[in-house]
Amino acid sequence: MGSFSIWHWLIVLLIVVMVFGTKKLKNMGSDLGGAVKGFKDGMKDGSTSDSAATPPNGQVASPAVADKTTIDVEAKHKS
């Protein structure tokens, strides 16, 4: 009872084809493929935009570029 055999899947496929028809299934598949392609293109365009290259306000671009003369106030009070 753990998994379905090939016959179970063939019967399910036959019922789906009988209910929806092959033309509607073909249209549904192409619509789904177009949606996935549009999503991938949107994700690709979003990552190459100029706003992604610059960090948001209030964030340091690189922690290695931080000012070396900064003194930790808490450390100054403890010593």
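We count residues from 1, following the sequence as given. Computed from a predicted model, the values in this text were never measured in an experiment.
- Results of the side-chain contact (heavy atoms from CB on, under 4.5 Å) test with Ile11 over Ile15, Leu13, Leu14 single out Ile15 as the only residue that passes.
- In the hydrophobic clustering of ILVMFWY residues, with side-chain heavy atoms under 4.5 Å counting as a link, Leu32 and Phe20 come out apart.
- Linking Ile, Leu, Val, Met, Phe, Trp and Tyr residues whenever their side-chain heavy atoms come within less than 4.5 Å leaves Met43 and Val36 in two separate clusters.
- Criterion: ILVMFWY side-chain heavy atoms under 4.5 Å apart, direct or through other members. Under it, Leu10 and Val12 are not part of a common hydrophobic cluster.
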